[in-house]
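Written out below as C-alpha cells is the structure these notes cover.
These numbers come from the heavy atoms of this one structure, side chains and all, not from hydrogens, waters or symmetry mates. Starting from 1, each residue takes its place in the sequence as its number. Atoms within each ligand, like the ligands themselves, are counted from 1 in listed order.
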Amino acid sequence: MTARLNVNIDHVATIRQARRAPEPSVVAAAMICEQAGADGITIHLRGDRRHIQDTDVVLLRQAVTTYLNVEMAATEEMVKIAIETRPDAVSLVPENPNEITTEGGLNVRPNIAIVRAAVNRLREAGIMTSLFIDPDSHQIEAAREVNAQQVELCTAAYAEATLGAHGIHGEGAVRANQELRRLSEGAALAAQYGLHVAAGHGLTLRNVGAVAEISAIEEFNIGHSIIANSVFMGLERAVREMREAIRAGTAYAR
Ligand code: PXP
C-alpha cells in the first residue's frame, strides 16, 4: 500500500514571519495541500516560535479535515498546548534553540522519564503519539518501552548522502544505500514491535522513491522540498508530484 503523505507547512509560516504579515496564510496552504491529496498536515510548534504560532495550531485544528500532526519538544508547555488543542497526532522531537532545523532524532534513553511522562499524558488525551528517532535498534526499543504508538525514522543521514554532484548514483551511493538499509531494518523492527512507522527529513522528489519502497513505512512527513518546489510550480502541483514520487517508488523519473 502507498504510504500516506503529511505535508509540513512550517515554511509557509516562515515566509509570513519574515514580515510579521498576515500572508501567506497557513490555513489556505493546508486547504490547498488537502485538495491536492495530502493525507495530513504537519506543523512544528517550536519553543522559539520562529514560524508556527500558537494561534496557527488553534486555527489549523479547526480547518484541517484530514489529519493534523504537531511536532513539539517534550516540555510541559508543549504537552499542555497539545492537550488543549487536540491535534490527531503529536510527534515528539528534540529541539535545540540554535539549530537551523531538527538535527537528528530524539535520544530517548537518557530522557526516558520525561518522554514516558509526555507519551502517557498525550495518549490519555486520545492523541496518537509518535517519537522522531534515528533508525537505531536501541532507540526503537526505548520507544516501545515508553509506550509510543509510532516512530518516525529520521531520514536526514540518507537524504544527506543523496545530495551533491553525484547524488544517489555517484560517490554518495554507497553511503545512501547503507542508510537505506538502516531505515529498512529499523522500519521492520519497529513494525515487529507493533509500532506504526513514519519517516521524514530531507526527502525530495529525487530521493523519496527508494525510501517509499520500504513497505513497513506507512507515512511520510515532508516539508522543505514541497514548499521549495511550490515557489516554481505552485503548491498544488508540488504536493501532487510528491504523492506521485511516493506512489511510483524507484520507478519515479524526472
Ligand atoms: N519530520 C520531522 C520530525 C521534522 O522535524 C521535519 C522538519 O520539520 C520533517 C519531518 C520534515 O523535514 P523536511 O522539511 O526536510 O522535509
Side chains of E152 and H201: do they bring a donor and an acceptor to under 3.5 Å? no
Looking only at non-hydrogen atoms, the one of H224, H44, E71 nearest atom 4 (C) of ligand 1 is E71
Does R240 pair with E236 as a salt bridge, N-O distance under 4.0 Å? yes
Run the numbers for me: atoms of ligand 1, each under 4.0 Å from some heavy atom of N8, listed by number. 8 (O)
Option nearest atom 12 (O) of ligand 1 (shortest heavy-atom distance, choices E152, H201, R46): H201
Is a donor from one side chain sitting under 3.5 angstrom from an acceptor on the other, for N69 and E71? no
Tell me the protein heavy atom at minimum distance from atom 11 (C) of ligand 1, and give that distance in Å. N221 O, 3.7 Å
Give the atom numbers and elements of ligand 1 that come within less than 4.0 Å of a heavy atom of V93. 3 (C)
Looking only at N/O atoms, are G223 and ligand 1 under 3.5 Å apart anywhere? yes
Sequence-distant partners of R243, salt bridge (charged side-chain N to carboxylate O under 4.0 Å, His left out), two or more places apart: none
Heavy atom under 4.0 Å from ligand 1: found in H11's side chain, backbone, both, or neither? neither
Residue set satisfying side chain to side chain donor-acceptor pair (under 3.5 Å) with R86, at least two apart, ordered chain then number -> none
Is a donor from one side chain sitting under 3.5 angstrom from an acceptor on the other, for H224 and H11? yes
Among all the protein's non-hydrogen atoms, which is closest to atom 15 (O) of ligand 1, and how far away is it? G202 N, 2.8 Å
